[in-house]
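Remarks on the structure that follows.
Side-chain atoms are counted along with the backbone in the values below, which use heavy atoms only and exclude waters and symmetry mates. Since this is a predicted model, take the numbers as computed values, not measurements.
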Protein chains: 2
Amino acid sequence: MGHFPTTHQRVVDLLGQRIVDGAWEPGAPLPVEDTLATEIGVSRGALREAVKSLVAKGMLHVRPRTGTRVLPPEHWNHLDPDVLRWKQTGDAAALLRDTSELRRIVEPAAARLAAERADPGHVRALRDALTAMETAAAHPGRSGYVEADIAFHRALLDAGGNRLLGSLGRAVEIALEHSFVISTQTPGAVEASLPGHRAIVRAVEAHDPAAAATAVQALIEAAEQEIARSPGMPSDTA
Amino acid sequence: MGHFPTTHQRVVDLLGQRIVDGAWEPGAPLPVEDTLATEIGVSRGALREAVKSLVAKGMLHVRPRTGTRVLPPEHWNHLDPDVLRWKQTGDAAALLRDTSELRRIVEPAAARLAAERADPGHVRALRDALTAMETAAAHPGRSGYVEADIAFHRALLDAGGNRLLGSLGRAVEIALEHSFVISTQTPGAVEASLPGHRAIVRAVEAHDPAAAATAVQALIEAAEQEIARSPGMPSDTA
DNA sequence: GGACGTCATTCATCCAATCATTTAATGATT
DNA sequence: AATCATTAAATGATTGGATGAATGACGTCC
């Protein structure tokens, strides 16, 4: 459906996925540009542009004569949407754990800031997202519910006016989408989550930071329980 | 001294700084590749590679016929080290405020996780960083103290084992460096901060999450007061 | 008059070939 | 054995051209 991926995107995806999958050890050099380009089937220029994209994400380091080497995973920008997507296909469970932890840390605090400082524009974006969620929930098939949920999430983190928090929210959205899909597919979960979202909007509108934080926390915990009960999740026997 | 910057780095810095400084309105198109390349004084290939780097940071969007357009700031990856550096030269006060807020949210929670889950390797990295801070503090001139402080900060956020938190910490390090420099230049601040750092290491080694969190919080608040008292900071009259 | 298809234009896209620069590995010199 | 010049191998950068995609204008059909 989506248009054909351009060559550049194809090469970036190919290399990024290979790196995440551990095709090359950290510190190990990739094949030289000429051979790697012919192996992939693109020109050297296209390969170099793709490599530059991965350098910008902190995954590669390239130097004359030495070649292109994979940087250790600690150096990767794990908050980059592409990196998150590549990691999703691999160790999805670990990513879900990390994402959930980050949510518990950041979102209640972000809700607190939003309740303290949200201006009318931010409040309206929040209410619009909530309305979209409600209409999508009423609509049979729930088309658009996940998108509305993400928009709500985004509006909440933007409402505090802290751009770093905004970027952080946008980063984890890719990882969040998966959990939202699970919640939407679980019967009754959508109806159960709507009151929680309404409570958040109420708290932000009333400029009640404590209420906003607790409402978000309750929502996150409910979502985590949905995920834990979803099929394909190993019960925590450790 | 650092070597001469390569053409690629030069162009990325030039364009990134220009975008952050608002040389082009969000949504406005940049000059076409040919003219922009000749204007900067590089070839199309070098310009294209630089543009790809900025696309990877979420600042540009390029399409045939439409051209290269600046994306709205909400879409930028504000957690990218380069983006933070470019923003630093402009509205440094706002960035300092956002960074400080993020620290207060993330670092106590990260310290809590570190105390819960730090393995011996992480603990050793933490202690090594502390030792480096102590030796740098004893050394006249304090050379290397800022670097050691950043290494400590990094080790703490890595110790929790959450890669997203690790990337988050690495992201704000660039912004943090400034405040560390201020603290180091303030007489007596270095000696005052060392016990706080030792308390963090003790709490992590003792697997005491609450103590770790409070120790970090105390350190952050002390640093904020140092910044507030530093010259060039407008007193909070609002 | 409005909707739909066609076409030309304008860019980015991708490729191929070439030269310059950096740098490690090697060899020569003392 | 340590230092310095040489060399070769890889990236860095440039040029020119061919291709493809998106847009706006134009014309046709209902």
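- Under the rule for a side-chain contact (heavy atoms from CB on, under 4.5 Å), the partners of R170(B) that lie at least two apart in sequence or sit in another chain are E74(A), H75(A), R154(B), D158(B), E173(B).
- Not counting sequence neighbours, the partners of R44(B) by the side chain to side chain donor-acceptor pair (under 3.5 Å) test are D34(B).
- For E107(A), the salt bridge (charged side-chain N to carboxylate O under 4.0 Å, His left out) partners two or more places apart in sequence, or in a different chain, are R103(A).
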Can you build the contact string for nucleotides 11-19 of chain D? Use B for base contact, S for sugar-phosphate-only contact, and - for no protein heavy atom under 4.0 Å. BBBB-BB--
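- In a base pair of the Watson-Crick type (N1 to N3 plus N6-O4 or O6-N4) or a G-U wobble (N1-O2 and O6-N3), with each distance short of 3.5 Å, dT30(C) is matched with dA1(D).
- Legend: residues meeting side-chain contact (heavy atoms from CB on, under 4.5 Å) with S43(B), ordered by chain and number and at least two apart, are A46(B).
- Every residue two or more places apart in sequence or in another chain that forms a side-chain contact (heavy atoms from CB on, under 4.5 Å) with H139(B) is listed here: S143(B).
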